[in-house]
Amino acid sequence: MTAIPRPVILFGGRPAQREEWGAAIRAGARASGVAMDLRMAPEDVDPAEVDAVVYNPEGPIQDFAPFTNLRAALNMWAGVEKVVGNQTLKAPLTRMVEPGLTEGMTDWVVAHATRLHAGIDRHLHLAPGQWPQWHPPLARERRVGVLGLGELGADAARMLAALRFDVAGWSRRPKTVEGVTCLHGEDGLREILSRSEILVLLLPSTPATENLLDAETLALLPKGAAILNPGRGPLIDEAALIAALDSGQLSHATLDVFRIEPLPEDHPFWAHPRVTITPHIASVTRSSTAATALVEQIGRLSRGEPLLHVVDRAQGY
Ligand code: NAP
């Protein structure tokens, strides 16, 4: 890669994000001594001058064709399914990896796994005269599975293991995560499903992961298992999920992501007694921590070093 001493960076976030992100990126650049010419709106720059776009799937830049000298598109999100197939983008695409996004996701996973493990809902509405004696198993006796052992899945799995849950994880390629039984491939999928009383989905949305949880795979889970999906909606066959909840095969599904967002008002998930909906808030890219990650990528461009977290467009993540 050729070094570009002062790359022209175009911020492609939503207009409402410009002030906050502009300040955060400039502060990060000052702190780490990275030189850049940061432009905050497409109208501020000749597209042919732009070296890198900070890309937001909900932002104004979706056609990369005018950016004839583009060296990189730096996605503001971890998920890349909305851009990975964009034929106008010829430059390398990176996905967002930053500690705020990771820690926020782990907080969400731990909170919702613990709710189910500890049976918190059993005691939320106790009436006078009710004194049910129910004790959850110890965390060490609770088997949790995490599908996806990437930046987010591995951190969540590690934290669950630190809380003494009996944790297994599953990825495409073999992995090692301390304290976690790591599985991969087809056999690994069957194994992790058959042991997981609480199953967390932290896979990307790709052709290979679409409907990974369908009637057949849901049937492999222990009866009464629960699912947490902060990954992506298409990972689950919705009709199969509802059937598994209705039959008691699943006891609960906590869903943060959906095929259509916001979730349509007439969607059966809203009224289902065993579904908890969170509105795609499991985590978020935070300017306070993500600006450092963006500045690191821009510094790499300026020094001619390889970018981090480059998306494998053939794999789709
Ligand atoms: P990542 O680092 O790319 O990790 C993806 C993981 O999934 C890797 O372990 C990968 O396996 C595994 N994987 C991918 N395809 C697979 C397949 N066909 N079979 C088995 N394993 C497969 O991604 P990340 O940063 O952890 O993010 C994961 C996802 O979380 C994102 O794509 C996004 O959809 C979602 N997300 C949601 C929110 C929210 O607020 N709800 C926020 C951020 C992200 P290898 O390790 O073998 O490559």
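Every number for a ligand or one of its atoms is a count from 1 in the order of the listing.
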I need the atoms of ligand 1 closer than 4.0 Å to a non-hydrogen atom of [X], numbered in the order shown.
X: L202; value: 28 (C), 30 (O)
X: A208; value: 18 (N)
X: A78; value: 25 (O), 43 (C), 44 (C)
X: G148; value: 6 (C), 7 (O), 9 (O)
X: M105; value: 37 (C), 38 (C), 39 (C), 41 (N), 42 (C)
X: V257; value: 41 (N)
X: H280; value: 39 (C), 40 (O), 41 (N)

(request) State, to 0.1 Å, how close A253 and L245 come at their nearest heavy-atom pair, and which atoms those are. (result) N-CD2, 3.9 Å
(request) Please report the shortest heavy-atom distance between A113 and L228, naming the atom on each side. (result) N-CD1, 3.7 Å
To the nearest 0.1 Å, how far is [atom] from its closest protein heavy atom, and which atom is that?
atom: atom 19 (N) of ligand 1; value: W170 CH2, 3.3 Å
atom: atom 11 (O) of ligand 1; value: R172 N, 3.2 Å
atom: atom 22 (C) of ligand 1; value: L203 CD2, 3.5 Å
atom: atom 37 (C) of ligand 1; value: P230 O, 3.1 Å
atom: atom 44 (C) of ligand 1; value: L152 CD1, 3.4 Å
atom: atom 36 (N) of ligand 1; value: R232 NH1, 3.8 Å

(message) Please determine whether any non-hydrogen atom of T206 lies less than 4.0 Å from an atom of ligand 1.
(response) no
(request) Give a yes/no verdict on whether any heavy atom in W77 is under 4.0 Å from an atom of ligand 1. (result) no
Give yes or no for whether the N/O distance cutoff of 3.5 Å, strictly under, is met between [X] and ligand 1.
X: G150; result: yes
X: K175; result: yes
X: S283; result: yes
X: R95; result: yes

(message) Applying ring pair (Phe, Tyr, Trp, His ring centres under 6.0 Å), can you list everything that pairs with F269, at least two apart in sequence or on another chain?
(response) H267
(request) Using a strict cut-off of less than 4.0 Å between a Lys/Arg side-chain nitrogen and an Asp/Glu carboxylate oxygen, indicate whether R190 and E216 qualify as a salt bridge. (result) no
